[in-house]
Amino acid sequence: MKVLIANRGEIAVRIMRACRELGLSSVAVYSDSDRLAPHVRYADQAVGLHADSPDGTYLNIEKLIKAANQTGAEMVHPGYGFLAENAEFAIACGYAGLRFVGPPPEVIALMGGKTSARLAAKEAGVPVVPGTESSLDVSLAEDAVLEIAKNIGYPLFVKAVAGGGGKGMRLVNESTELIGAVQTARSEAQGAFGDSAVYLERSVSPARHIEVQIMADNNGRVVPFIERECSVQRRHQKVIEETPSPAVSEKTRQGLAAAARALAEGVGYVNAGTVEFLLDDEEKFYFLEMNTRLQVEHPITEMVTGIDLVHCQLRVAAGEALNIDSEMALKPQGHAIECRIYAEDPEIGFIPSPGRITRLVQPSGPGIRDDSGVDEGFTVPVFYDSMISKLVAWAPDRSQAIERMRRALTEYQVEGVKTTLPFFRWMLRQPAFLEGNVDTEFLDKLLADRQRGSFSMGTSEIDEHFVLAAAVHTFLTTENRSYESLSLQDSDIWRRTARLESLR
Amino acid sequence: MAPDRTTGESSMTALKPIEIEVKGTLYSVTVEPIPTVAGRLRVAWDENEYVIDACRIDPQTLSLVGEGKTSDSIEARVVDSGNRSDLNVTIDGVCLHARVNQGSRIVSGDNDDTVTGQNEVIAPMPGRVARLLVQVGDTVEASQSVVVIEAMKMENELSTERAGIVKRILTSEGASVDTGSVLLVVE
């Protein structure tokens, strides 16, 4: 069996590793600037897409299907991002006689719409954030709108039905602000999406972002997994994920798992998916959305359950029944944390830092997993997401996992491009994080309140070491001495080897 | 045929302190080789004095091991930004900037502009020796290309820093070399 991986970077390598373990052969696709990328070299076969823009490459359905047909692939794994949640791509795969590794197209479409997904959750008995069932009727009188809002409760959001990226979204704290907010949200939504429809939804704040991984097979068996805590976010983008959540009790855990299972069963879900929830400070949870694909942060679930989610995905796509212990999926062994390492400069507002990686030393040792998509000498292209690796630490408990992650971060060296490594070294010392006391707005506030200055400044207790290194370096450079290790010198090694030989 | 590292020439040169600014503090540091023990440096400032076993792992990586009162093992990346007075020093993932003001060299005996002494040409990267451009006994100018290394499908010409006579050649055409290998010695 042959699998085409319609993606790039670390996730493509991750999927190919699973293919190799299962005895499946893998086909990579690549853009011009990814010719030397690890995913191309790791694959058994590779097909060039002869362009660089996402539209001309990893988003190009026609080229991807052609690549699959030309190589005789029978399955297509979309990874995450790009076409992973595109129902048309899933349909196109079906037409071409390819098995799409993911749910059926109609389920992708159903869960992709904001209001349809909310409705599906409600029908499955899953709590949703209180709000209007559908869009606000434009003909409604102001009094009627105010009455609806009163029933939902303040503070609330006016949100564009076609929304995304914070556009057409307004936070309303009290009734006097409501009518004006509805008007601005409508005109903003019209301008941004060509659709002025808006709905009302209560604002849950402060809230944690908690999500539940599920796996489902073609026989209707759904297995929910232990929750992931993804509240550490910068501008709504996840930065650190961990499992289990430090804030979820066993009772809530069972509730979350049951809700995720009910939703998946209700919509006829197949393959891997993730149900995202908001959790308030009273441990009440509300359905947020469902991601109909493998998540970036899936490795932490694998680390605490020992279950390989990509294996499961490929087996289910091949028609096999799920063969996992549902109790094991909900009982964590230890604790896992993931840091998303981006080629971005945290010192200047996390702007992307593409370029050639001139030096790369990856961490290793007990409990460390680095899912990387780059290697030394690779040029991080300007065209795609700048994530270069996901660093995961596992340990028997949370505090040891944090210490292990810190240790791994001291080992990690990247030169040539700026990375978020200095930010994580700083982040893993923040008291609120160490206490597990976080919500989705915590990091943005922390960064806003932070004193200016480098993330890597003032963190060493041993300044003398830096003075020593600078002094010795300057001395050796000026004196033009090399001072390699005396014992490592070629001639010495030969001499010593010869001496050892003569003693035999 | 090891390059001379008994550092016996220390009698010929004396160093003014190297001024180093780290995190706003100025350190006036003297570094001198210990004549009796190869590869050891005495590094001192204020009340601090260290005996350091210093090794270069590659042109930008130093391994320092203290001897005597401290046994600290330090691995440091030292990268300059084109000039030698601005250094970024990274130890265990922490990067600090060091501003260096080098004491001017006092060269005893020879006040000529030409700096003399021994000069090793070192491979800055792993690769293959594509061509040797000089032979033992040749006279070379400062900055003259002497050897071509092929790495990452690129040819890189390496040059001497100082003028002199090619004393030894420690590699041959076609040989594979590692970062830090001494290729030839000019005296």
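Every chain is numbered from 1 and lettered A, B, ... according to where its sequence line falls, protein lines coming before strand lines.
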- Query: Rounded to the nearest 0.5 Å, what separation is found between the CG atom of B/Asp80 and the NE2 atom of A/His473?
  - Reply: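 B/Asp80 CG to A/His473 NE2: 5.0 Å, rounded to 0.5 Å.
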- Query: In Å and rounded to the nearest 0.5 Å, what is the SG to CG distance from B/Cys55 to A/Leu476?
  - Reply: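 The distance works out to 9.5 Å.
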- Message: So, using side chain to side chain donor-acceptor pair (under 3.5 Å) as the criterion, who are the partners of B/Ser176 when residues are at least two apart?
- Response: none
- Query: Could you go step by step and tell me if B/Val43 and A/Val467 meet the side-chain contact (heavy atoms from CB on, under 4.5 Å) rule?
  - Reply: CA-CA 10 Å; B/Val43 185; A/Val467 177; over 6 Å; no
- Query: Which residue pairs pass the salt bridge (charged side-chain N to carboxylate O under 4.0 Å, His left out) test with at least one member in residues 359-369 of chain A, sequence neighbours excluded?
  - Reply: A/Glu302-A/Arg369, A/Arg359-A/Glu415, A/Arg359-B/Asp58, A/Arg369-A/Asp371
- Query: If you take all heavy atoms of B/Val89 and A/Ala470, which pair is closest and at what distance?
  - Reply: CG2-CB, 4.3 Å
- Note on the structure: Tightest non-hydrogen contact, residues B/Val78 and A/Ala469, listed as CG2-O, 4.3 Å
- Item | Audit row: B/Ile20, A/Phe466, side-chain contact (heavy atoms from CB on, under 4.5 Å) steps and yes/no | CA-CA 10 Å; B/Ile20 297 174; A/Phe466 291 84; over 6 Å; no
So for atom [atom1], which belongs to [X], do other residues, nucleotides or ligands contribute more than 12 heavy atoms lying within a distance under 6.0 Å?
X	atom1	result
A/Lys238	NZ	yes
A/Arg450	CZ	yes
B/Arg99	CZ	no
B/Glu141	CD	no

- Task: Could you check which of B/Tyr27, B/Tyr50, B/Trp45 has the highest count of heavy-atom pairs closer than 4.5 Å to chain A?
- Result: B/Trp45
Do the non-hydrogen side-chain atoms of [X] and [Y] ever get within less than 4.5 Å of each other?
X	Y	result
B/Val29	A/Thr474	no
B/Arg56	A/Thr477	yes
B/Val94	A/Arg425	no

- Report the residue from B/Asp72, B/Ile91, B/Leu64 that forms a side-chain contact (heavy atoms from CB on, under 4.5 Å) with A/Leu468.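 When side-chain contact (heavy atoms from CB on, under 4.5 Å) is applied between A/Leu468 and each of B/Asp72, B/Ile91, B/Leu64, only B/Leu64 qualifies.
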- Given the rule in the side-chain contact (heavy atoms from CB on, under 4.5 Å) test, do A/Gln413 and B/Thr90 qualify, once you have shown the distances and angles that lead to the verdict? CA-CA 9 Å; A/Gln413 296 180 41; B/Thr90 308; 5.9 Å; no
- Item | Interchain contact, B/Ser73 with chain A, by part (heavy-atom threshold 4.5 Å) | neither
